[in-house]
Amino acid sequence: MDQSEPRQTKSSDRRDLETMRHSAAHVMVAAVQRLFPGTKLGVGPTVEHGFYYDMEVPRPLTSDDLPVIEAEMHKILAERPEFEREEMPIETAIDYFRAHGQDYKVELLSDLKERGTTRVTSREDMDVDPGNRTSATMYRTGEFVDLCRGPHVPSAGRIGPFKLLSVSGAYWRGDEHRPMLQRIYGTAWFTREQLDHYLWQLDEAERRDHRRIGRDLGLFMFDEEVGPGLPLWLPNGTVLIEELERLAKETEERAGYVRVRTPHVAKESMYLRSGHLPYYAESMFPPMELEGVRYYLKPMNCPHHHKIYAAQQRSYRDIPLRLAEYGTCYRYEKSGELFGLMRVRSLQMNDAHIYCTLDQIEDEFLAVCRMYLGYFELFGIDQYLMRFSTHDPNQLGGKYVDQPELWKKTEEIVRRALDHGRINYTETAGEAAFYGPKIDVQVWSAIGREFTLATNQVDFAVPERFGLTYVNARGEHETPICIHRAPLGTHERMIGFLIEHYAGAFPLWLAPVQAVVLPIADRHAPYAEEVGGRLRARGFRAHVDTRRENLNHKIRDAQLQKIPYMLVVGDRELEAGTAAVRLRSGENIGTISVDDLLARLDAERGQRQHAALDTALGHSDNA
RNA sequence: GCCGACGUAGCUCAACUGGCAGAGCAGCGGUUUUGUAAACCGCGGGUUGGGGGUUCGAGUCCCUUCGUCGGCUCCA
């Protein structure tokens with residue numbers, strides 16, 4: 001994600017840092033081996049801010065073990081061992097590790113030898129060199145020997161300040177059917193200041209965590225009896241939802257969408273037709289049976305929308321047809337995957353399905369991308385990654401529908417749309433949906449977890465299953481292409497993300513409470529109510545704090561609630577028909593008339609309509 | 001789902017090796033009528049997540065179940 005590397009870091013420094021962290025990982029695992037003889041090594045790459053090592057330890061580790069391991073690491077460092085490099089034939093290395101009971105290393109080397117690079121992942125290529133199938137490189141640090149490509153710092157004395165952060169389970173080679181190893185995460189830096197800065201950032205991230213802010217600002221809650229992953233939206237959070245929906249509806253209306261509404265359940269037969277059953281069944285809530293018919297909670301809206309499309313004869317003149325719905329879906333996420341609002345079991349999706357011809361896809365797809373970019377501009381989101389996912393030709397007929405020419409064609413169209421729109425993206429093969437290529441917008445939560453925030457997918461397979469057609473200009477039936485898109489993702493994830501993005505200080509148009517009027521003494525309450533009433537009459541969400549507390553107290557509470565405008569009214573303001581305006585930044589903009597205040601608020605609230613939405617609608621290009 | 005940790009008042013946290021469940025904030029009642037980040041006094045508040053067990057005695061030890069957290073797997 002962002003920030004925590006020193007700003008001036010050059011790429012060579014960056015490499016040195018990675019080298020040093022990788023060496024730290026070696027020292028860590030050497031310490032674990034000393035403390036827990038019989039430890040078997042997995043792999044231990046560096047990651048964004050540090051390193052980890054996976055290993056099989058005789059007993060499960062707990063966080064209490066980390067200080068002990070750190071102490072052992074310091075002992076090793078005090079011995080100042082050299083990192084000695086040694087190259088040997090691959091068979092010799094296999095024999096060595098087999099003799100030492102290092103089964104995982106044996107497996108890595110055997111794979112490399114027998115199958116070449118096919119099973120070596122990026123996590124593993126720090127251990128073995130996929131390009132070299134005949135010899136292996138070993139590093140010796142004191143009595144500790146590990147398979148490793150290197151490079152390493154020459155001496156362990158070069159390892160900078162470090163800290164072990166957490167311990168957890170991790171499947172060997174990321175496969176849930178294989179053994180679970182113990183993973184220790186750590187971080188290491190050149191200087192103590194950098195380490196402290198990073199640790200401070202971790203604390204800061206915790207303060208931005210949407211789960212904490214969500215509670216403090218009264219946005220949402222969970223209840224054990226309602227069920228895990230089923231958020232309850234409190235009044236303040238509901239304002240966020242409704243403002244986002246208003247934004248979406250205005251934008252989509254102007255972009256030529258029509259709105260529909262569909263039920264939350266449907267019969268089994270529809271999901272057999274759509275292909276969700278049985279393939280998606282494990283992500284769906286189990287069926288409920290009524291009068292011998294099985295119904296499912298909908299995990300997505302597309303089948304319902306397809307039915308609406310199919311309900312009447314469509315002409316080429318009718319399309320693109322863009323059906324939009326903030327649809328509520330239910331997905332049975334595994335219990336361990338739930339995470340605050342970011343990963344839930346009931347979700348409201350900014351969904352729409354665009355039915356169009358092959359010729360129209362490019363424009364439609366680009367228009368959707370512009371819509372994202374407009375939203376992101378509006379929110380000031382600049383830390384994101386657009387990921388273009390294409391199919392893997394080797395999996396046609398399996399993971400992917402067997403229509404090679406359509407894959408090729410639609411992928412080209414998407415690529416051209418992205419290039420034409422001058423949109424930056426990375427391309428990943430083998431990550432497409434089974435029905436077509438897609439773009440995902442990746443963002444990171446405050447604690448650094450990656451999420452797909454929005455998605456835009458081409459579907460050239462499912463419309464056929466639903467028998468969707470349109471009559472072309474020659475009077476023939478043709479199957480339309482469908483674009484699935486959710487530029488604002490789901491309310492749950494988008495709001496979870498925005499909470500962290502703004503650290504709870506939402507822009508005026510989105511803020512659950514936009515202004516609070518603070519009467520200094522009881523005698524100012526009627527005037528305060530009058531000011532509040534005028535704001536509300538103008539469509540602002542304004543409260544009046546008439547508690548018998550002093551001003552400092554009311555200010556503090558309003559600050560903690562991150563209310564954009566605090567309007568202090570006392571004798572002077574009452575007299576003059578004004579309010580003393582304090583912003584949540586702490587800035588005091590002085591005393592202004594209520595009329596001026598309303599004008600200012602109008603202008604600020606109106607910002608959401610301007611440039612960003614023009615981008616969303618592609619107006620800036622045409623203008 | 002898997003590995004590990006953690007569940008004490010609305011929130012943040014106490015309670016030494018098993019020995020009378022406590023504090024601050026919030027809430028409520030009263031006093032104060034206040035000018036830009038916490039006025040003062042008082043009061044209520046808990047089946048220590050649920051269930052079972054060990055023990056003279058369990059917040060503390062054991063089992064089980066639910067939930068949460070850190071990862072893994074998976075995903076909007």
Side-chain angles (χ1 to χ4, degrees), chain A residues 52 54 56-57 59-65 165-185 206 209 211-212 215-216 218 221-225 227-229 280 282-283 299-300 327 329 331-344 347-351 438 440-443 447-455 457 484-494 496-497 518-525 547-560 566-573 580-584 586-588 591:
Chain A
Y52 68 78
D54 288 349
E56 187 183 301
V57 190
R59 70 155 171 85
L61 299 173
T62 77
S63 51
D64 294 339
D65 293 316
L165 298 174
S166 65
V167 55
S168 65
Y171 298 112
W172 168 235
R173 299 193 123 175
D175 183 342
E176 62 180 320
H177 303 296
R178 308 215 55 190
M180 179 157 272
L181 309 183
Q182 303 279 309
R183 173 175 297 182
I184 301 178
Y185 280 96
E206 221 167 286
D209 192 311
R211 292 165 295 186
R212 165 188 289 269
R215 189 185 58 227
D216 291 348
M221 59 173 276
F222 289 91
D223 180 272
E224 268 194 39
E225 262 187 347
Y280 200 75
E282 70 167 24
S283 296
M300 4 192 113
C329 300
R331 297 182 182 178
Y332 196 82
E333 305 292 349
K334 292 187 206 163
S335 56
E337 294 165 345
L338 300 174
F339 173 62
L341 280 183
M342 301 295 210
R343 192 75 181 273
V344 292
L347 41 117
Q348 303 164 70
M349 212 185 305
N350 172 225
D351 213 355
K438 64 173 180 175
D440 291 317
V441 183
Q442 303 301 111
V443 296
I447 62 169
R449 205 178 293 182
E450 182 177 340
F451 287 99
T452 300
L453 189 63
T455 187
Q457 314 182 345
H484 308 242
R485 44 111 277 179
L488 292 174
T490 63
H491 279 321
E492 287 72 18
R493 190 169 288 179
M494 179 58 69
F497 176 79
L518 308 176
I520 288 173
D522 284 353
R523 65 178 177 281
H524 309 123
R547 291 175 304 165
R548 288 168 61 90
E549 294 289 351
N550 63 38
L551 183 61
N552 278 333
H553 195 106
K554 294 178 182 178
I555 297 257
R556 178 182 153 82
D557 286 349
Q559 285 288 152
L560 292 176
M566 283 157 265
L567 311 172
V568 177
V569 297
D571 290 331
R572 300 196 290 270
E573 289 76 18
V581 181
R582 176 191 164 108
L583 307 180
R584 71 185 154 198
E587 189 190 352
N588 224 312
T591 299

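Every chain is numbered from 1 and lettered A, B, ... according to where its sequence line falls, protein lines coming before strand lines.
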Euclidean distance for [atom1], [N] against [M] (whole angstrom):
N: B:rC40; M: B:rC25; atom1: C1'; result: 16 Å
N: B:rG22; M: B:rG45; atom1: P; result: 12 Å
N: B:rG7; M: B:rG59; atom1: P; result: 14 Å

Inset, instruction - Mind checking the OG1-CD spacing from A:Thr62 to A:Gln182? Nearest 0.5 Å is all I need. - result: 9.5 Å
Legend entry - Rounded distance (nearest 0.5 Å) linking atom CG of A:Leu181 with atom OG of A:Ser168: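 Reported value, rounded in 0.5 Å steps: 10.5 Å.
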Tell me: [atom1] of [X] to [atom2] of [N], nearest whole Å?
X: A:Tyr52; N: B:rC72; atom1: OH; atom2: P; answer: 8 Å
X: A:Glu450; N: B:rC74; atom1: CD; atom2: P; answer: 13 Å
X: A:Phe339; N: B:rC72; atom1: CZ; atom2: P; answer: 12 Å
X: A:Ile520; N: B:rA39; atom1: CD1; atom2: P; answer: 15 Å
X: A:Arg556; N: B:rA37; atom1: CZ; atom2: C1'; answer: 6 Å
X: A:Leu341; N: B:rU68; atom1: CG; atom2: P; answer: 13 Å
X: A:His484; N: B:rA76; atom1: NE2; atom2: C1'; answer: 14 Å
X: A:Tyr280; N: B:rC75; atom1: OH; atom2: P; answer: 9 Å

Closest to the [X] side chain: [options]?
X: A:Lys334; options: B:rG70, B:rA76, B:rU73; value: B:rU73
X: A:Arg449; options: B:rA76, B:rA38, B:rG70; value: B:rG70
X: A:Glu176; options: B:rU36, B:rC75, B:rU73; value: B:rU73

Legend entry - Side chains of A:Met566 and A:Arg584 in contact at under 4.5 Å (non-hydrogen atoms):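 Side-chain contact under 4.5 Å: yes.
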Using a cut-off of less than 4.0 Å, is there contact between a side-chain N or O of [X] and OP1 or OP2 of [N]?
X: A:Asn552; N: B:rU36; value: no
X: A:Tyr185; N: B:rC72; value: yes
X: A:Arg173; N: B:rU73; value: no
X: A:Arg523; N: B:rU34; value: yes
X: A:Arg582; N: B:rA37; value: yes
X: A:His553; N: B:rA39; value: yes

Inset, instruction - Let me know, please, whether A:Arg211 or A:Pro228 comes out on the 5' side of the other along RNA chain B by nearest nucleotide. - result: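 So the residue in question is A:Pro228.
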Inset, instruction - Identify, between A:Glu573 and A:Asp440, the residue whose nearest nucleotide on RNA chain B lies closer to the 5' end. - result: A:Glu573
Legend entry - Side-chain donor/acceptor contact of A:Thr490 with base of B:rA76 under 3.5 Å: yes
Legend entry - Any donor-acceptor N/O pair under 3.5 Å between B:rC75 base and A:Arg331 side chain: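 Result: no qualifying N/O pair found.
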Do you know the tightest heavy-atom contact between [X] and [Y]?
X: A:Met342; Y: A:Arg493; result: O-NE, 2.8 Å
X: A:Lys554; Y: A:Leu518; result: CB-CD2, 3.9 Å
X: A:Pro299; Y: A:Tyr280; result: CB-CE2, 3.6 Å
X: A:Asp54; Y: A:Arg183; result: OD1-NE, 2.6 Å
X: A:Glu573; Y: A:Thr591; result: OE2-OG1, 4.0 Å
X: A:Asn350; Y: A:Pro487; result: OD1-CD, 3.3 Å

Legend entry - A:Arg449 to A:Phe339, cation-pi by 6.0 Å centre distance and 45° axis angle: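 Positive - A:Arg449 is close enough to the ring of A:Phe339 and near enough to its axis.
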Watson-Crick or G-U counterpart of [N], or none if no pair lies under 3.5 Å:
N: B:rC74; value: none
N: B:rG57; value: none
N: B:rU36; value: none

Legend entry - A:Gln348 and A:Thr490 side chains, donor-acceptor separation under 3.5 Å: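 Note: A:Thr490 and A:Gln348 side chains miss the donor-acceptor criterion.
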Inset, instruction - Answer yes if the side chains of A:Asp351 and A:His484 hold a donor-acceptor pair under 3.5 Å, and no otherwise. - result: no
Inset, instruction - Mind checking A:Ala558 for me? I need base, sugar-phosphate or nothing, with any heavy atom below 4.0 Å counting as a touch. - result: nothing
Inset, instruction - Quick one: label A:Asp557 by what it contacts on the DNA or RNA (base, sugar-phosphate, nothing), any heavy atom closer than 4.0 Å. - result: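 No contact.
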Using nucleotides 41-43 of chain B, report all nitrogen or oxygen pairs with the protein that are shorter than 3.5 Å.
none

Anything under 3.5 Å between a protein N or O and an N or O of nucleotides 2-11 of chain B, put it in a table, one pair a line.
unit_1: B:rC2; atom_1: O4'; unit_2: A:Tyr171; atom_2: OH; d: 3.4
unit_1: B:rC3; atom_1: O2'; unit_2: A:Gln182; atom_2: NE2; d: 3.4
unit_1: B:rC3; atom_1: O2; unit_2: A:Gly169; atom_2: N; d: 3.2

Legend entry - Test item: A:Asn550 side-chain N/O and A:Asn552 main-chain N/O as donor-acceptor pair under 3.5 Å: yes
Inset, instruction - I would like to know whether A:Glu176 and A:Lys334 meet salt bridge (charged side-chain N to carboxylate O under 4.0 Å, His left out); could you show each step before the answer? - result: CA-CA 13 Å; A:Glu176 62 180 320; A:Lys334 292 187 206 163; 3.8 Å; yes
Under 3.5 Å, N/O pairs linking protein and nucleotides 28-32 of chain B:
unit_1: B:rU32; atom_1: O4; unit_2: A:Arg548; atom_2: NE; d: 2.5
unit_1: B:rU32; atom_1: O4; unit_2: A:Arg548; atom_2: NH2; d: 2.7

